Structure formats: C-alpha cells, structure tokens
Undergrad: 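Below: one structure in structure tokens.
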2 protein chains.
Amino acid sequence: MPRIVDHASRRQDFIRAACETLLEEGYANTTVRAVAKRAGFTTGALVHYFGDKDELIRRALDYFGTEQRERMLRLERELEGRAALRAVVADALPTDLDSQRRWRIWMALWYHSEESDQMRAEQKRRYREWLGRISRMLEQSVKLGELPASVEIRAEARAMVAFVDGLGVQFLMANSRLPAAKILAMLDTYLNRLYAKP
Amino acid sequence: MPRIVDHASRRQDFIRAACETLLEEGYANTTVRAVAKRAGFTTGALVHYFGDKDELIRRALDYFGTEQRERMLRLERELEGRAALRAVVADALPTDLDSQRRWRIWMALWYHSEESDQMRAEQKRRYREWLGRISRMLEQSVKLGELPASVEIRAEARAMVAFVDGLGVQFLMANSRLPAAKILAMLDTYLNRLYAKP
DNA sequence: CCCTTGTTGTAACACTTGTTATATAACGAA
DNA sequence: TTCGTTATATAACAAGTGTTACAACAAGGG
C-alpha cells in the first residue's frame, strides 16, 4: 500500500556512505549529519534505518571487515602454508593509499573500543578470527614440513599479528612515507627467521 | 604587589592533574573542566596557565614521555648490547596495570595526532627518538660481536618497534588478559631469532 | 479520488564541549 | 587602611553533537 523502497538496499546506501565518510573525513568527523548528507538524505531518513549512531558505525566497520576477509579467503584458497601466510600478511600490511586509509579506520576502532562495549566485543571477535586464520596457516606449514612440530602456534600467531599491527601504526605515524618495498622486505626477513632450519 | 603564587609549580599541578585524568578517565573524558576539578580549581584558574586545551594536553603527554625516557636511559646506562635492548624493550612492553594505562595514552595519542598537527609533530619526534635508541643498542651489539655486521640496523629497529607497538595494541584489545610471562617469552623468542648464529 | 502507511525533511531539544567575559577574592605595597 | 594587581570562580556563549517530535510527502489500494 505505501510508497515502496527497498529497505535493505537503502540501509546499504547509508552504510556505504558511512564507510566513505570514515575513510575520507576520519572518525571524529563522521557525524550522523555528515553521513546522511553524503548519502543524499538528512538525519530524518537515516534514523529510520538504524537504532542509533553506534549501530551505523558498527555496520560500516563490519563492511570493512567483510571486504578484507573475502580478499584473504581468496588468497588462502589459492595458496598454502608459508606462501599463503606471506600473501595474506602482505595483503594486510600498509603498502598503498587504500590500505593506509584502512589502517586509519582500524586505529579509530581500537581507540573507540575503549568506550563502547559493543565495539570492543566486535573488535575482540575480529582479533580472534585474525589470530585463527594465521594459526591455521602455521599449522598447515607444520603439516607440510616447512615448520618443525615444536613451534608454538598460538604465540607465533600473536607475534605475527603484533608485527603487522605495529607496522600499520608506524606507517600512519610516518605520514605514509614508508615505501612498500621496505615493508615487504621486513616481512620477508621476519618469515625467513621464523622458517629458518635450526 | 599582587598576590604571590608560584606560576611554574601551579602549572605543574595542572599538568599532573591532566596526566591523572588521562590515565584514569581516558582521553575522551579529559575535559578542561575535569582536569581543573581534579587539580582543585575551576576552568577560570586553568586558562590562566595555558593558552588552550591542546597546550595542556601536549604538556601532559610530554610528561609521560619524559618519565619513560628517564627509565630507559637508566637501563641503557647499566647494561649494554643485547642485555640493554632486552631490558629497555621489556620495560616498554605492557606487563602490568601501570604500563597498560600508559599504552592507553599512547593509543589515544596515535589516534589524535591524525587531527592536530602539533601533536603529530610531537609524535614523530618521539618515534624518531625511540627508533634511534633501539638502533644505538643494535649497533652496540654489532660492536660487541653479538650481531653480524651485515644486519640492517634501521630496518631491524623498525621491526622491533612494530613488534612492541603491536603487542601493546593486542594487550589492550585482550582486556589486559595477556600474562606478562607470555609476552616476555614472545620477546625472548624474537630476540633469540634475531641474535641466532647463522 | 481519498486514505492509509511508510518515508523523508525540518526543527527543536538536551547536552557537552572549549572559550571568553566579568565579577569577586586575595594579598602585598603605599 | 586603601589601592592595584593578580588569581580564581561564576556564568554566559557559540558551536556541535546525537536524539526526538512532528509535519509534509509519496504512492499504491479501496
């Protein structure tokens, strides 16, 4: 009976607008008004699709996560063991403008998960997934004989994640002046040591 | 003629209050009103000692930096080479409640240096210092014969800093549930590989 | 054609922020 | 004591926030 509009797709429009705003204006400037405007609406429309701002932001961050996960799953399917690990981690590392913006989002998420319980939960979930993914590739390396069975999978995964996150931070702090080649060289040095025959 | 009050020491009072507020309430809740109240005054008094809020915050962060630097210099003086590196990095790693709070501040600083040019400058300066400190200890290791001359000092320092920063992030995300022993074990694994005889 | 129902825009609300203006209090010099 | 200067408190201001209330609108069914 009433005016017909695809609820789900309109929601997606707002989520996309929120993503763009986050990337281009930063977290602090991502207000409901700004997002609504970018989507071509006003706050009146936006609030019909999201309970509150936090939900909108969480959906947007979810969108980033999904994108990244899909890229990684693709790499994981095509490769295995050390090669897969190398590819997945290299994809996560900040090597171009796009990943630089992704890292800005991550940092904002880290920071704000201090305040919002829901966000912290979401963030923990994502970390677990990320650790699990790396752990699985390390286990595969053990099965393939690339790594000795004595390697402590969980600790190694944690260390790897720390390495990646730290490089992300440094990249942002260095005003993105860290050349991709250097970052990848550091990754290879790291992997060479991890995979060194004892 | 006028009422006498030690300008410098009163300033320090406010700076200390700002530090405490940052640590206990977090960056977002560190308002001029909150800091003034904690110092036992109101905003009217505070603004007589600082041009604006940004200056106050920068002074407070400076205070943290100075504290940490002094601790590190002490360790650097007492030890040398690998032992010094291990001690300094272990001190920086998040192993107790105090360092946890310090890491919260660091993350806030990272995040907000996206917006304030002055803060970003301050932050860059601190990173350079931190990289320089580690580089010097690595060079000392080379001189002591602990490391081969072929090691790429700058890249290794960067990797080390990344490792530390990443662990700091993970510590915060894990709700400080990462036991100190595990973190130190990861550091030692890292150092063992770096200092392994080829 | 009208009416119902979901959509959207407008505007107000309540609150918080940093900053500024101004009044009051304190204290030493004259 | 009185005055002048400074320190401090109080209060207002302007801007910006998320949220809410409400009116206007659109479009398909009767």
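This is a predicted model, so every value here is computed, not measured. The figures here come from the full heavy-atom set of this structure, side chains too, leaving out hydrogens, waters and symmetry mates.
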Undergrad: Once you apply a heavy-atom cut-off of 4.0 Å, does B/Phe50 come out as touching a base, just sugar-phosphate, or nothing?
TA: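 Since no nucleic acid heavy atom lies under 4.0 Å of B/Phe50, the category is nothing.
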Undergrad: Rounded to whole angstrom units, what separation is found between the CG atom of B/Asp52 and the P atom of D/dA15?
TA: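 In whole Å, D/dA15 P and B/Asp52 CG are 18 Å from each other.
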Undergrad: Could you please name the option among D/dT19, C/dG18, C/dG9 that lies closest to any side-chain atom of A/Thr42?
TA: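 Of all the options, the side chain of A/Thr42 is nearest to C/dG9.
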Undergrad: Identify, between B/Arg10 and A/Arg33, the residue whose nearest nucleotide on DNA chain D lies closer to the 5' end.
TA: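 First, find each residue's nearest nucleotide; the 5'-ward one identifies B/Arg10.
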Undergrad: Round to a whole Å and report the spacing from CD of A/Glu25 to P of D/dT17.
TA: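 Spelled out: CD on A/Glu25 to P on D/dT17 is 11 Å.
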Undergrad: Would you say D/dT6 has OP1 or OP2 under 4.0 Å from some side-chain N or O of B/His7?
TA: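 No, no such contact exists.
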Undergrad: If I take atom CZ in residue B/Arg11 and atom P in nucleotide D/dT6, what distance separates them, rounded to the nearest angstrom?
TA: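 Roughly 18 Å, once rounded to whole Å.
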Undergrad: Taking A/Asp52 for its side chain and A/Glu55 for its backbone only, find out whether a donor-acceptor pair lies under 3.5 Å.
TA: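 Confirmed, A/Asp52 side chain pairs with A/Glu55 backbone.
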Undergrad: It should be established whether A/His48 places a side-chain nitrogen or oxygen under 4.0 Å from OP1 or OP2 of nucleotide C/dG9.
TA: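 False: A/His48 side-chain N/O out of range (4.0 Å or more) of C/dG9 OP1/OP2.
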Undergrad: Where do A/Leu56 and A/Phe14 come nearest, in terms of heavy atoms and distance?
TA: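 Heavy atoms of A/Leu56 and A/Phe14 come nearest at CD1-O, 4.1 Å.
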Undergrad: Does any N or O in the side chain of B/Glu122 come within less than 3.5 Å of the main-chain N or O of B/Arg58, such that one atom is a donor and the other an acceptor?
TA: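 No; zero donor-acceptor contacts below 3.5 Å.
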Undergrad: Given atom CZ of A/Phe41 and atom C1' of C/dG9, what is their separation to the nearest angstrom?
TA: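 For the pair A/Phe41 CZ and C/dG9 C1', the rounded distance is 11 Å.
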Undergrad: Over how many whole Å does the gap from A/Asn29 atom CG to D/dT17 atom P extend?
TA: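 One finds 8 Å between P of D/dT17 and CG of A/Asn29, rounded.
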Undergrad: Atom CZ of residue position A/Arg59 - does it have more than 12 heavy atoms of other residues, nucleotides or ligands inside 6.0 Å?
TA: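 Incorrect, the count does not exceed 12.
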Undergrad: Provide, to the nearest angstrom, the distance between the CD atom belonging to B/Glu55 and the P atom belonging to C/dT19.
TA: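 The answer, rounded to whole Å, is 11 Å.
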Undergrad: Between A/Ala28 and A/Val47, name the one whose nearest nucleotide on DNA chain D is closer to the 5' end.
TA: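 In this pair, the answer is A/Ala28.
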Undergrad: Scan A/Arg69, A/Arg86, A/Arg133 and name whichever one has a salt bridge (Lys or Arg N to Asp or Glu O under 4.0 Å) with A/Glu76.
TA: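 Checked A/Arg69, A/Arg86, A/Arg133 against A/Glu76; only one passes salt bridge (Lys or Arg N to Asp or Glu O under 4.0 Å): A/Arg133.
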Undergrad: Rounding to an integer number of Å, can you tell me how far B/Asp54 CG sits from C/dG18 P?
TA: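 One finds 11 Å between P of C/dG18 and CG of B/Asp54, rounded.
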Undergrad: Identify which nucleotide among C/dA12, D/dA9, C/dT19 has an atom closest to any side-chain atom of B/Ala45, counting heavy atoms from C-beta outward.
TA: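 Selected nucleotide (nearest to the side chain): D/dA9.
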Undergrad: Quick one: B/Leu46 CG to D/dA9 C1', roughly how many Å, whole number?
TA: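 About 13 Å, once rounded to whole Å.
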